[in-house]
Amino acid sequence: MIFLSGGVRLKTRRSDRLIDMTRYLLERPHTLISLTFFAKRYESAKSSISEDLAIIKRTFKFRGIGILETIPGAAGGARFIPSIDEQEARDFIQNMTERLSEKDRLLPGGYVYLSDLLGRPDVLRQVGRVIARQYLDKQIDAVMTVATKGVPIAQSVSNYLNVPFVILRRDSKITEGSTVSVNYVSGSSERIEKMELSKRSLKRGSHVLVVDDFMKGGGTVNGMKSMIEEFESEMVGITVFAEAAFEGHRMVDDYTSLLKVDQVNTLNKTIHVSAGNYLEKVFGK
């Protein structure tokens, strides 16, 4: 209903209802919302709500926004599952390869400066959609990363999957309470490192998706895998924003990358970045 001054109520028009329903669904991904709820919210018949949902479902599919599942029956309703179509994902990855190939991004050790991109809301929204697309049909209870640069990626992905994200730290904080710690070998420097996670952060038996900003030898990601095992949980997958070409033995082999830094010349400070294996893994191309 729409309320005017003096408490006068007007019946919600379909156009207004469609806008509000769309907003409500987009803000609550992977959440089943009953037809009864919408019917009461707009004081409309369930048949009208069903017609509205059919319009939204068709538009979401046509625009590549995602999937709107409609579940029949008394306990049924609608559930929005965010997605991204192949062309939009391909365009985004291509744009990122061009941005990351800028020569002033090269840092000592062959790393690439990412902070400006991963601080942009528009980039993070797309990163979250792209990564979440790969796990449409997987059960995920939490998204895991390690402080600090992987945090915005984990937050974006968790938003689209509508699950919590947990952050491992390399030093304990008194505000974290009791923690679990694991030692791991850095894949690039082969040094022994430590990471910790609050005991309250992750439930036993969780299905966990690991994300990170950059991977070289895979030691950090492998450390997160060890932490997941400490919590008697299961790792569903590993996705990184960018991977570096690595000549040694990488500690993980089953992972997904959006981008690949496959050539670095420290003398003339040039970088060549190409698409990672994401498109092949998700779309088979």
Side-chain angles (χ1 to χ4, degrees), residues 27-32 79 81-82 114-115 118-119 121 123-125 127-189 191-243 251-252 254-258:
E27 290 179 351
R28 294 162 179 82
H30 295 272
T31 302
L32 182 63
R79 179 190 291 115
I81 302 174
L114 302 173
S115 297
L118 297 181
V123 171
L124 284 172
R125 279 194 295 270
V127 170
R129 284 182 68 200
V130 166
I131 294 177
R133 168 64 178 81
Q134 184 177 3
Y135 301 96
L136 287 180
D137 57 348
K138 303 290 185 181
Q139 179 184 344
I140 296 177
D141 303 308
V143 178
M144 176 181 285
T145 194
V146 65
T148 55
K149 293 180 181 178
V151 173
I153 295 176
Q155 185 173 13
S156 181
V157 175
S158 69
N159 180 62
Y160 283 101
L161 294 175
N162 199 21
V163 298
F165 68 95
V166 297
I167 306 169
L168 281 73
R169 303 185 185 278
R170 292 185 172 88
D171 56 340
S172 59
K173 303 287 185 182
I174 192 170
T175 53
E176 295 293 300
S178 299
T179 61
V180 175
S181 65
V182 297
N183 294 326
Y184 68 98
V185 179
S186 170
S188 53
S189 65
R191 293 181 303 181
I192 302 296
E193 306 278 1
K194 183 179 76 169
M195 59 175 63
E196 300 184 358
L197 182 64
S198 170
K199 289 183 177 179
R200 300 183 182 186
S201 293
L202 188 64
K203 295 180 179 179
R204 302 280 171 177
S206 295
H207 296 78
V208 184
L209 169 62
V210 169
V211 301
D212 208 356
D213 64 321
F214 196 79
M215 182 175 72
K216 290 191 77 174
T220 301
V221 171
N222 198 46
M224 286 190 272
K225 180 181 178 182
S226 297
M227 182 65 77
I228 292 169
E229 292 171 352
E230 286 291 323
F231 278 81
E232 299 175 1
S233 295
E234 177 185 344
M235 186 175 69
V236 178
I238 302 166
T239 300
V240 297
F241 180 68
E243 63 168 309
M251 294 186 177
V252 294
D254 188 10
Y255 64 91
T256 302
S257 64
L258 275 58

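Basis for what follows: all heavy atoms, side chains included, without hydrogens, waters or symmetry-related copies. Remember, predicted model here, so these are calculated numbers, not experimental data.
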[X] [atom1] to [Y] [atom2] distance, which is reported to the nearest 0.5 Å:
{"X": "D212", "Y": "S257", "atom1": "CG", "atom2": "OG", "answer": "12.5 Å"}
{"X": "S181", "Y": "R169", "atom1": "OG", "atom2": "CZ", "answer": "15.0 Å"}
{"X": "Q134", "Y": "L258", "atom1": "CD", "atom2": "CG", "answer": "9.0 Å"}
{"X": "M251", "Y": "K225", "atom1": "CE", "atom2": "NZ", "answer": "12.0 Å"}
{"X": "E234", "Y": "E229", "atom1": "CD", "atom2": "CD", "answer": "11.0 Å"}
{"X": "T148", "Y": "D213", "atom1": "OG1", "atom2": "CG", "answer": "8.0 Å"}

Nearest atoms (heavy-atom pairs only) where [X] meets [Y]:
{"X": "I153", "Y": "L124", "result": "N-CD2, 4.2 Å"}
{"X": "Y160", "Y": "H30", "result": "O-CD2, 3.2 Å"}
{"X": "V163", "Y": "I140", "result": "CG1-O, 3.2 Å"}
{"X": "S156", "Y": "G128", "result": "OG-CA, 3.3 Å"}
{"X": "M235", "Y": "V210", "result": "SD-CG2, 3.9 Å"}
{"X": "M195", "Y": "M224", "result": "SD-N, 3.8 Å"}

[X] side chain to [Y] main-chain N or O, any donor-acceptor pair under 3.5 Å?
{"X": "T179", "Y": "L197", "result": "no"}
{"X": "S198", "Y": "R200", "result": "yes"}
{"X": "S186", "Y": "R191", "result": "no"}

Evaluation steps, side chain to side chain contact (heavy atoms under 4.5 Å, CB included), between M144 and L202: CA-CA 9 Å; M144 176 181 285; L202 188 64; 4.1 Å; yes
Can you confirm whether [X] sits close enough to [Y] that some side-chain heavy atom of one is under 4.5 Å from a side-chain heavy atom of the other?
{"X": "T256", "Y": "V240", "value": "no"}
{"X": "V127", "Y": "F241", "value": "yes"}
{"X": "D141", "Y": "K203", "value": "no"}
{"X": "R170", "Y": "V146", "value": "yes"}

Stepwise side chain to side chain contact (heavy atoms under 4.5 Å, CB included) test for Y255 and M215: CA-CA 10 Å; Y255 64 91; M215 182 175 72; 3.5 Å; yes
Worked verdict on Y184 versus N222 for side chain to side chain contact (heavy atoms under 4.5 Å, CB included): CA-CA 7 Å; Y184 68 98; N222 198 46; 6.0 Å; no
Verdict with supporting geometry, Y135 and T239, side chain to side chain contact (heavy atoms under 4.5 Å, CB included): CA-CA 10 Å; Y135 301 96; T239 300; 2.8 Å; yes
Contacts of N159 that satisfy side-chain contact (heavy atoms from CB on, under 4.5 Å) - sequence neighbours left out: none
T31 and N162 side chains, donor-acceptor separation under 3.5 Å: yes
Within 6.0 angstrom of R28 CZ, more than 12 heavy atoms from elsewhere: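 Atom CZ in R28 is crowded, with more than 12 foreign heavy atoms closer than 6.0 Å.
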